[in-house]
Amino acid sequence: MTQNKFSNQDLAGIFQTIANLLEIKGEVIYKILAYRKAADSLRDYGGSVYDVWQEGNLTDIPGVGKAIAEKIDELYKTGHLEFLDKLSQEIPPSLTEMLEVPDLGPKKVALFWKELDITDLAGLEAAARKGELQNLPGMGAKSEAKVLAGIESLSRRTERTPLWKAWPVAEDLLGKIKQVPGVERAVAGGSLRRMRETVGDLDLLVAAENSSQVMDTFTSLPEVLRVTGKGKTKSSVEFNNGLRAQLWVHPPDRFGTALQYASGSKGHNVRLRELALKRGLSLSEHAFTRQDGSEILCADEEQVYEILGIPWIPPEAREDRGEVQAALDGVLPEFIELSDILSELHTHSTWSDGKVSILDMARAARDRGYKVIAVTDHSPSLGITQGLKIKDIRSQREEIAAAQEALGDSILILQGSEVEIKADGSLDYPDQVLAEFDIVFASLHVSLRQPREQVTQRMINAIQNPNVDVIGHPTGRLIPDREGADLDMEAVFAAATQSGVAMEISAHPERLDLNDIHARQAIEMGIPLSINTDAHSPGELDLMHFGVATARRGWVEARQVINTWEPEKLLSWLRNRG
DNA sequence: GCCGTTTTCGGCCCGACTGTTTTCAGTCG
């Protein structure tokens, strides 16, 4: 047994560093791409790479071949990697800091290092201020100024922006752009359209015959701090808050290929272009081009996939996680849709920290077309929420009955609970009390930083309690500020498979927990899922689409989600759980 | 360095924009 148990993330970081150093060294690009691809693949890998290593199956991981498998093996066996140690002596690792500066790539970084012996950001800034960069070959006064602007921009730069923050910003920008005369369509592409939990830059796409007025409007918006590029088809800006955006303008009859291209992911696009080549076509954002040079234009994105001979793949699933092959094989899942959701099972009322009464929440759920709502107020130990005391459970039941009577059979109201999984691993209500509720969520809110084994055992205790129906927002993470508990998800899912409990995908965009990768793993193990907003007010019921998007990113089908079941089926499932 | 229903060798997506270049290199997505 070794203690060099590098996580998937750790390994991805190591191979990313190798790729960067090799790039500065001037290694052939395809070797670098191979390391990058392996890094991405390891980072996204659903299971534990360590376990795969123990089973001797490393090369089953996409992008991992003989050479990289041997390096992972060395890392797990010895704790370090001789190849990287040697490379670091040759190329100072601090050089990679400079790659973070916008518009600086491996060639320039190598140039600064070799010509001026600059090895880190501080040295680069000093040299730029002294005017030493502009005399280098291929450099000039403008390029030097750009380096300084880039360093400054780096200090301002936000980390990836949470989806929930980027979403309204994009909506606002698109609203302004749509007002420009001649704009036929304006939509978000990129990771925003794919509904990744965080977004790097905003990618905006416009259909218009003439681009100049759109570009002028975009680059002169009041919130724009500086314009980093402006052309006929593409412009890029940086906003005051550090966020960056780029805008493409394409003619309406080419909008399909353009939107497909701008939506990514990069890996997905590479797959499609490979597929196009096999069909004797070259695919770009402008069109398909036949070998004789003639073009096939696509006004709509569906046509792009049609010409490639595969079904349209929803943006959420375009992460190069096997979706193109699945499409070719005809085994893409029937991705769940928002309209499949019939019930909201995790909400709060004034009986704990919710903002409105049970009647108001139920009415709001009914108005959104739901057939069932469960009110799941907190248990008492979570102090700040003023949880529901045991002596009040009966009174709450009476209020639910009154609300039910007021709303008739337009919606079914369930009395649920979000019971706390306490730090000692016990639940916050005794079993006979839990048995009274129609549906029980068990959630972690406290002592999330316990060691892996301890917090995992707490979770497993809750999963094994027959009164618990759903594990709420399993890891307890908050995006971007709080990491989730260090759960051993393999062990958690194994226990869930045994007990038949459902796992939640919290639709609340600060949670999205389970995440896409864990959701996919869960359904592959046959674990039912439940998507809920955890709404504390009626307006938050509208966050459901974020949860559905996360499920789609995890290849989840409607039948695997208990919220899509007709009330009779849901109630019968709950009854059978005891 | 990875990969394979045209390949175990020879490919590996393709174009926009900028700045430095008199025709292209570097960076980005």
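Note that this is a predicted model, so its numbers are computed, not measured. In what follows, every heavy atom counts, from backbone to side chain, and hydrogens, waters and symmetry copies are set aside. Order of the sequence lines sets the chain letters (A, B, ...), proteins ahead of strands, with each chain counted from 1.
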Looking at [options], which one has an atom nearest to any side-chain atom of [X]?
X: A/K142; options: B/dG1, B/dG19, B/dC14; answer: B/dG19
X: A/K234; options: B/dC28, B/dC2, B/dC13; answer: B/dC28
X: A/S143; options: B/dC14, B/dT20, B/dA16; answer: B/dT20
X: A/D201; options: B/dC14, B/dG26, B/dG29; answer: B/dG29
X: A/L277; options: B/dT18, B/dC28, B/dC12; answer: B/dC12

Could a donor-acceptor pair under 3.5 angstrom be found where the side chain of A/Y30 meets the base of B/dG11?
-> no
Nearest whole Å is fine: how far is [N] [atom2] from [X] [atom1]?
X: A/M98; N: B/dG26; atom1: CE; atom2: P; result: 16 Å
X: A/K278; N: B/dT7; atom1: NZ; atom2: C1'; result: 11 Å
X: A/L136; N: B/dT21; atom1: CG; atom2: C1'; result: 16 Å
X: A/L58; N: B/dC3; atom1: CG; atom2: C1'; result: 17 Å
X: A/K146; N: B/dT20; atom1: NZ; atom2: C1'; result: 11 Å
X: A/N269; N: B/dG29; atom1: CG; atom2: P; result: 14 Å
X: A/F15; N: B/dC2; atom1: CZ; atom2: P; result: 9 Å
X: A/K31; N: B/dC12; atom1: NZ; atom2: P; result: 19 Å

Using the [atom1] atom in both, what is the distance from [N] to [M], to the nearest Å?
N: B/dC13; M: B/dC3; atom1: P; result: 14 Å
N: B/dG11; M: B/dT6; atom1: C1'; result: 13 Å
N: B/dT7; M: B/dG1; atom1: P; result: 25 Å
N: B/dT23; M: B/dT18; atom1: C1'; result: 15 Å
N: B/dA25; M: B/dT21; atom1: P; result: 13 Å
N: B/dT27; M: B/dT20; atom1: C1'; result: 14 Å

Does the side chain of A/D85 come under 3.5 Å of the side chain of A/Q89 through a donor N or O and an acceptor N or O?
->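 No, A/Q89 and A/D85 have no side-chain donor paired with an acceptor closer than 3.5 Å.
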Base partner of B/dT8, which must satisfy Watson-Crick or wobble distances under 3.5 Å | none
Of A/R477, A/R553, A/R511, which meets salt bridge (charged side-chain N to carboxylate O under 4.0 Å, His left out) against A/E197?
-> A/R477
Does [N] have its OP1 or OP2 closer than 4.0 Å to a side-chain nitrogen or oxygen of [X]?
X: A/Y35; N: B/dG1; answer: yes
X: A/S235; N: B/dC17; answer: no
X: A/H286; N: B/dC14; answer: no
X: A/T233; N: B/dC17; answer: yes

If you take all heavy atoms of [X] and [Y], which pair is closest and at what distance?
X: A/R185; Y: A/D300; value: NH1-OD1, 3.5 Å
X: A/A38; Y: A/I68; value: CB-CD1, 3.5 Å
X: A/K232; Y: A/S211; value: O-OG, 2.7 Å

Which sits closer to the 5' end of DNA chain B, A/L104 or A/E274, going by the nucleotide each is nearest to?
-> A/E274
Between A/K107 and A/G140, the residue closer to the 5' end of DNA chain B by nearest nucleotide is A/G140
Verify, without hydrogens or angle tests, whether A/R552 (side chain) and A/G547 (backbone) share a donor-acceptor contact under 3.5 angstrom.
->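 Not a single qualifying donor-acceptor pair exists.
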